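Structure first, commentary second.
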Amino acid sequence: MSDKTEREPEIVGFACSYCTFKASEMAGSLRMKYPEKVRVIQVPCSSRVDPAFVIKAIFEGADGVFVSGCHPGDCHFIKGNYYTRRKMAALKEMFKAFSMDGKVKLFWISAAEARRFIEKITNMYNELREEKNAGKKN
Amino acid sequence: MQGKKIDKEKLRVALNRFVEKQNQIVYGYGKNGIFITHKIYTDHVEDLSLFNPYFGINGATFFYRVFSKDIKVVMLLRPCEIRAMIELVKLNQIEPETITMISTDCPGTVSLKKAKADLPDDFLEIQKAAEKDDGGLRWACKFCREKRGVFGDAGIRVQEDGGMWIFPYTDKGSDFLNLIDEELVEYTGKFVILESMKTEPFVTDMDTFHKDFSKCILCKNCRDMCPVCYCVDCLFNGDEYLPKGDAFINKMLRTGTENLPYGKEIFHMIRMYHVSQTCVGCGACEEACPQDIPITKYFKGISERLQNLFSYMSGRDVKETIPYLTFKEDELKDTED
């Protein structure tokens with residue numbers, strides 16, 4: 001039944017309100033487009049994201065999750081994203097042990113990089129869509 | 001390495017000297033009916049079992065939130081229990097000033113759930129019994145990361161002929177050693193327990209995980225018995241992660257889950273992540289599980305993998321910081337996608 005219809009992946013994103021969320025707002029005002037099924041959630045800092053949120057999102061139906069913050073060294077709270085980096089590195093290692101790599105991504109996107117934001121998210125979306133529809137074509 | 005040669009009698013005398021004073025207690029193992037369990041000695045040490053062939057509970061579980069400064073404690077426990085204590089010290093759950101932790105060499109243990117009664121409490125006899133019929137050693141003990149008593153303030157190590165030595169590692173340990181009537185001697189011999197073998201990084205997949213945990217009834221015993229799962233207000237106590245009632249029905253309709261109880265994977269995965277840097281691989285979770293799920297395999301495997309990422313080992317040293325609570329500016333460059 002659903003063999004022919006293309007299935008769209010759902011992506012949940014946690015975006016730092018000082019960098020990535022600003023970039024997404026800028027992308028909006030520049031009329032850039034990114035896939036509709038990407039849901040961006042604003043967090044005060046990327047280190048606010050407990051990996052529990054990511055795990056919960058994935059097991060409740062999201063196909064991919066990204067966590068995104070300022071470039072290392074540029075954190076509004078001085079050192080928040082260094083902690084994020086450690087936490088996400090460990091989480092990725094854990095997903096690798098469960099043979100689920102690719103589901104979690106970490107991006108560094110500053111407030112000025114609207115184009116980079118669109119590129120990264122579209123790439124992730126396309127990857128996940130290919131994975132989801134693998135073997136469903138012809 | 002300088003240490004003192006001891007035997008059971010000398011240790012008993014020293015412990016009695018310590019315990020006779022008011023507000024000083026000894027925490028170790030002792031015969032309790034036909035089994036050996038944890039025991040607290042408040043005024044007299046009579047039948048202390050230095051080694052314990054049974055594993056029921058991790059001894060650190062009783063010592064959450066010990067802040068009392070006027071009670072002195074001497075602990076004689078296994079390496080995994082001392083390591084859990086050290087992790088709790090790092091997490092500010094224990095004030096370590098008045099606690100002297102002494103780790104003892106561990107010959108491996110059998111599960112208290114299925115064990116025969118009246119096993120011996122002598123080191124070499126336990127080891128002999130374990131070798132004879134494979135002893136039914138627990139999975140966690142077969143693949144133990146560190147069985148040597150090299151943690152805490154002092155350590156009791158066993159020589160190849162069964163003689164025991166005690167070595168101080170810190171000032172508190174030296175203070176305790178002063179109670180023993182022996183001279184400090186340089187030790188150069190061999191020990192029974194050697195460094196454990198390194199294991200391969202743990203790899204599994206979601207299907208196996210799902211199969212193994214399909215029996216789970218979500219009783220949360222594994223969380224309650226975990227020595228390092230210490231949060232007073234656990235994430236899973238509320239309704240957010242494991243919903244009930246209307247919220248539960250709504251979640252069912254929204255996510256399309258059909259298998260109950262809802263949230264098994266979420267519960268175990270999140271807990272696995274949360275204890276990843278502090279897990280000591282003692283296997284208390286598996287011991288507490290009423291469904292005999294091989295929990296330790298996953299928790300120990302994942303935690304060792306994640307600790308290797310930061311070249312960290314839980315409970316190795318009080319001075320080390322838990323990796324999630326610190327950082328280096330120049331590291332993990334390839335984490336970004």
Side-chain angles (χ1 to χ4, degrees), chain A residues 10 13 46-47 49-62 64-75 78-109 116 119-121 123-124 127-128, chain B residues 200-210 234-236 240-243 251-252 254-257 262-274 276-277 297-299 301-310 312 321-337:
Chain A
E10 280 185 61
S46 54
S47 65
V49 181
D50 184 335
F53 303 168
V54 178
I55 295 170
K56 187 175 184 240
I58 284 179
F59 281 94
E60 292 191 353
V65 176
F66 70 84
V67 176
S68 179
C70 319
H71 290 271
D74 293 350
C75 182
I78 311 213
K79 50 188 184 180
N81 50 12
Y82 291 120
Y83 293 116
T84 315
R85 190 166 62 184
R86 281 210 155 188
K87 283 193 267 186
M88 296 314 290
L91 185 66
K92 275 184 178 182
E93 185 78 12
M94 178 168 150
F95 274 88
K96 213 187 262 173
F98 279 101
S99 319
M100 297 213 300
D101 20 359
K103 292 239 178 201
V104 188
K105 302 239 176 202
L106 174 69
F107 301 139
W108 304 134
I109 299 165
R116 190 175 138 98
E119 267 170 30
K120 291 267 186 197
I121 285 178
N123 279 349
M124 185 183 176
E127 264 173 42
L128 285 171
Chain B
E200 291 288 304
F202 175 75
V203 180
T204 178
D205 56 64
M206 229 40 228
D207 287 340
T208 334
F209 177 76
H210 189 79
C234 177
L235 210 62
F236 297 104
E240 281 91 28
Y241 283 79
L242 305 172
K251 193 143 271 185
M252 284 310 212
R254 195 156 55 76
T255 59
T257 321
Y262 172 81
K264 280 182 284 198
E265 288 92 350
I266 296 181
F267 174 71
H268 288 290
M269 290 287 273
I270 292 181
R271 209 177 79 78
M272 206 181 292
Y273 179 82
H274 277 179
S276 60
Q277 300 296 337
K297 191 173 90 189
Y298 290 92
F299 277 69
I302 292 286
S303 69
E304 270 170 32
R305 216 180 144 145
L306 263 57
Q307 285 170 24
N308 285 341
L309 199 62
F310 305 106
Y312 177 77
T321 327
I322 293 171
Y324 297 150
L325 306 178
T326 180
F327 63 86
K328 281 181 202 142
E329 282 188 20
D330 193 26
E331 61 168 5
L332 303 168
K333 294 283 185 202
D334 55 346
T335 311
E336 194 207 354
D337 293 285

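By convention in this document, chain letters (A, B, ...) are assigned in the order of the sequence lines, proteins followed by strands, and residues within each chain are numbered from 1. Heavy atoms only: backbone and side chains are in, while hydrogens, waters and symmetry mates are out. Predicted model, so just to flag it, every value in this text is computed and none were measured.
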For residues 64-72 of chain A against chain B, heavy atoms under 4.5 Å, the residues are none
Given Asp334(B), Thr208(B), Ile266(B), the one with more heavy-atom pairs under 4.5 angstrom with chain A than any other is Ile266(B)
Could you give the distance from CE (Met269(B)) to CD1 (Ile58(A)), rounded to the nearest 0.5 Å? 8.0 Å
Under 4.5 Å to a heavy atom of chain A? For Tyr241(B) that would be both
Please look at Leu235(B) and chain A and tell me whether the side chain, the backbone, both or neither of the residue comes under 4.5 angstrom of a heavy atom of that chain. side chain
Atom CG of Leu309(B) and atom NZ of Lys96(A): how far apart are they, to the nearest 0.5 Å? 8.5 Å
Look up atom OG1 in Thr204(B) and atom CZ in Phe98(A), then write down how far apart they are to the nearest 0.5 Å. 6.0 Å
Turns out that what part of Glu331(B) lies under 4.5 Å from chain A's heavy atoms comes down to both
Going by an N to O cut-off under 4.0 Å, is there a salt bridge joining Glu10(A) and Arg254(B)? no
Of the backbone (N, CA, C, O) and the side chain (C-beta and beyond), which part of Ile302(B) lies under 4.5 Å from a heavy atom of chain A, both, or neither? side chain
So does Thr335(B) get a backbone contact from the side chain of Arg85(A), meaning a donor-acceptor N/O pair under 3.5 Å? no
Among Tyr298(B), Phe310(B), Phe202(B), the residue with the most heavy-atom pairs under 4.5 Å to chain A is Phe310(B)
So which part of Phe209(B) gets closer than 4.5 Å to some heavy atom of chain A, the side chain, the backbone, both or neither? side chain
Side chain proximity check, Phe327(B) to Lys79(A), heavy atoms < 4.5 angstrom: yes
For the atom pair OG1 (Thr326(B)) and OH (Tyr82(A)), what is the distance rounded to the nearest 0.5 Å? 12.0 Å
Phe95(A) CZ to Tyr273(B) OH distance, which is reported to the nearest 0.5 Å: 10.5 Å
With sequence neighbours left out, the residues meeting side-chain hydrogen bond (donor to acceptor under 3.5 Å, both in side chains) with Glu60(A) are Lys251(B), Tyr262(B)
Need one label for Lys87(A): side chain, backbone, both or neither, based on atoms under 4.5 Å from any heavy atom in chain B. both
